[in-house]
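Worksheet: one structure, shown below.
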Amino acid sequence: GVSQNTAIKVLSELQSEGFIRKIKRKGTVVANNKKAISIKLLVPSQTSVEQWLSHFIGMKMFPALKEAARQTGSEIEPVSEDHLALIQPSMGDNTGMIVFQSLSKQTEEFLRTHSIPFVMLHATGPVNPSIPDARTDMKRGAYMAVRHLISSGRRRIAFLGGPLTYSFILPRFQGYLKALKEAGIKFDWDLVKEAGSPPIEEAASVKELLSIDRPADAIFAVNDRRALNILDYCKKNKIRIPEDLSIVGYDNIPETAMVKPALTTIDPHIDHLCVQVITMMLKLMDGENVSNYRAAPEIIIRESSASAN
């Protein structure tokens, strides 16, 4: 289901875009009587629809996409890129495609050959300028996280994530570097940890960060899962949060508000992103020019990053 807050945001943004309107005593109605549009959400190759829907991003994104589509009188369903050629013959003329995260040259050629309008959603790498693109601003989000830590008195701020070459980690590292540079804090490779996914590797990284000559006094983790694992390690090893170490995550998953201490995090506003990509799809199919969209992130300040002073 969709939360009440998400539904309200969806309605508000769709109304501002002109896709729905409110009529006295009739409530909210679709703003035009055009034929309902069928939207396919293209899940990347080698990922099944079931796998995507069970992943955090799918669980958060698809209900918001579905609600935004429903409010405009349209419908959306996920399909695998692996089965696109099999599905295409059953697609009507009033069908558009939202391509999640990545677009191969082969798929792009297929969509263009069959005159299927498409937009990119949550791309993590460069996108052809001719393709409408809606994504979160990961660099800005990371910048905000590190700026917050700096403003709370932290100076030895570590960056903990996977390989920096990963397309969804590099922008966050760039935001981290930007915040340090603006504050006049010298960058230190000792504070950068490219840890693997198992919690044991993250634990080893935290142990190293706290054992060097000038130990970390804060950690920016590239996602909340990692941040929660760090929090768990600190609790087991009697490291006080935030007195000994501040922690900031990224994604604003539900657990961040439930743990003690509650975790400061970045909300990338996936809900805003989903509304905008639906409106972009509808405009594109209506023959309008469509501009790219960047969802503005928000920092959610909680107990894990209190002032060092």
Side-chain angles (χ1 to χ4, degrees), residues 56 138 141-164 166 168-170 172-268 297-309:
F56 160 71
M138 292 183 282
Y143 169 83
M144 293 170 68
V146 179
R147 283 294 303 174
H148 163 67
L149 289 168
I150 293 169
S151 68
S152 67
R154 307 295 172 168
R155 290 296 179 271
R156 296 287 292 166
I157 303 168
F159 180 94
L160 194 151
L164 298 179
Y166 281 12
F168 61 92
I169 290 180
L170 183 57
R172 302 179 200 204
F173 185 60
Q174 291 171 327
Y176 165 81
L177 293 176
K178 180 182 178 184
L180 293 181
K181 185 176 180 180
E182 283 190 4
I185 298 175
K186 186 178 179 181
F187 170 69
D188 185 350
W189 275 111
D190 287 343
L191 293 174
V192 177
K193 295 298 178 184
E194 299 175 80
S197 297
I200 191 170
E201 291 194 32
E202 293 161 345
S205 293
V206 175
K207 186 176 181 179
E208 288 178 20
L209 289 168
L210 298 178
S211 301
I212 57 180
D213 290 340
R214 296 178 61 214
D217 57 14
I219 297 177
F220 167 57
V222 298
N223 59 45
D224 287 336
R225 181 190 58 75
R226 289 182 181 274
L228 291 172
N229 287 341
I230 294 168
L231 197 62
D232 185 54
Y233 171 85
C234 291
K235 184 176 181 180
K236 290 176 179 176
N237 289 275
K238 295 182 170 52
I239 299 165
R240 299 174 302 163
I241 306 297
E243 293 86 354
D244 300 329
L245 185 72
S246 285
I247 304 171
V248 177
Y250 198 110
D251 284 330
N252 195 28
I253 65 175
E255 291 90 336
T256 58
M258 302 175 190
V259 295
K260 291 294 181 182
L263 183 69
T264 295
T265 185
I266 297 296
D267 188 339
E298 177 186 5
I299 186 163
I300 310 297
I301 299 174
R302 298 192 181 110
E303 301 164 345
S304 70
S305 62
S307 174
N309 299 321

For the student: nearest non-hydrogen atoms of [X] and [Y], plus distance:
X	Y	answer
L263	A227	CD2-CB, 3.5 Å
D217	I157	OD1-N, 4.1 Å
S246	S305	OG-CA, 3.6 Å
A216	A158	CB-CB, 4.1 Å
K260	E303	NZ-OE2, 4.0 Å
L245	I239	CB-CG2, 4.3 Å

Hey, are the side chains of [X] and [Y] touching, using non-hydrogen atoms and a 4.5 Å cut-off?
X	Y	result
F159	V222	yes
R147	S151	no
I300	T264	no
D232	P199	no
L160	V206	yes

#### Entry: Steps toward side-chain contact (heavy atoms from CB on, under 4.5 Å) verdict (L191, I212)
CA-CA 9 Å; L191 293 174; I212 57 180; 4.0 Å; yes
### Task
Please check if atom CG in L164 has more than 12 non-hydrogen atoms from other residues, nucleotides or ligands closer than 6.0 Å.
yes
### Query
Would the F220 and Y176 ring centres measure less than 6.0 Å apart?
no
#### Entry: Side chain N237, main chain Y233, donor-acceptor under 3.5 Å
yes
### Query
Are the side chain of D267 and the backbone N or O of E298 linked by a donor-acceptor pair below 3.5 Å?
no
### Query
For Y250, is the NZ or CZ atom of R172 found under 6.0 angstrom from the centre of its six-membered ring and inside 45 degrees of the ring axis?
yes
### Query
Does D188 pair with R156 as a salt bridge, N-O distance under 4.0 Å?
yes
#### Entry: Pair E202 + R225, salt bridge at N-O below 4.0 Å
yes
## Note on the structure
Only residue of I266, V259, T256 satisfying side-chain contact (heavy atoms from CB on, under 4.5 Å) with D224 is T256
### Task
For Q174 and Y143, run side chain to side chain donor-acceptor pair (under 3.5 Å): C-alpha distance rounded to whole Å, both residues' side-chain angles, the deciding distance at 0.1 Å, then the answer.
CA-CA 8 Å; Q174 291 171 327; Y143 169 83; over 6 Å; no
### Task
Would you check if there is a donor-acceptor pair between the side chains of R302 and T265 at a distance under 3.5 Å?
no
### Query
Once you round to the nearest 0.5 Å, how far does NZ of K181 lie from CG of L177?
9.5 Å
#### Entry: side-chain contact (heavy atoms from CB on, under 4.5 Å) evaluation trace for D213 with D190
CA-CA 10 Å; D213 290 340; D190 287 343; over 6 Å; no
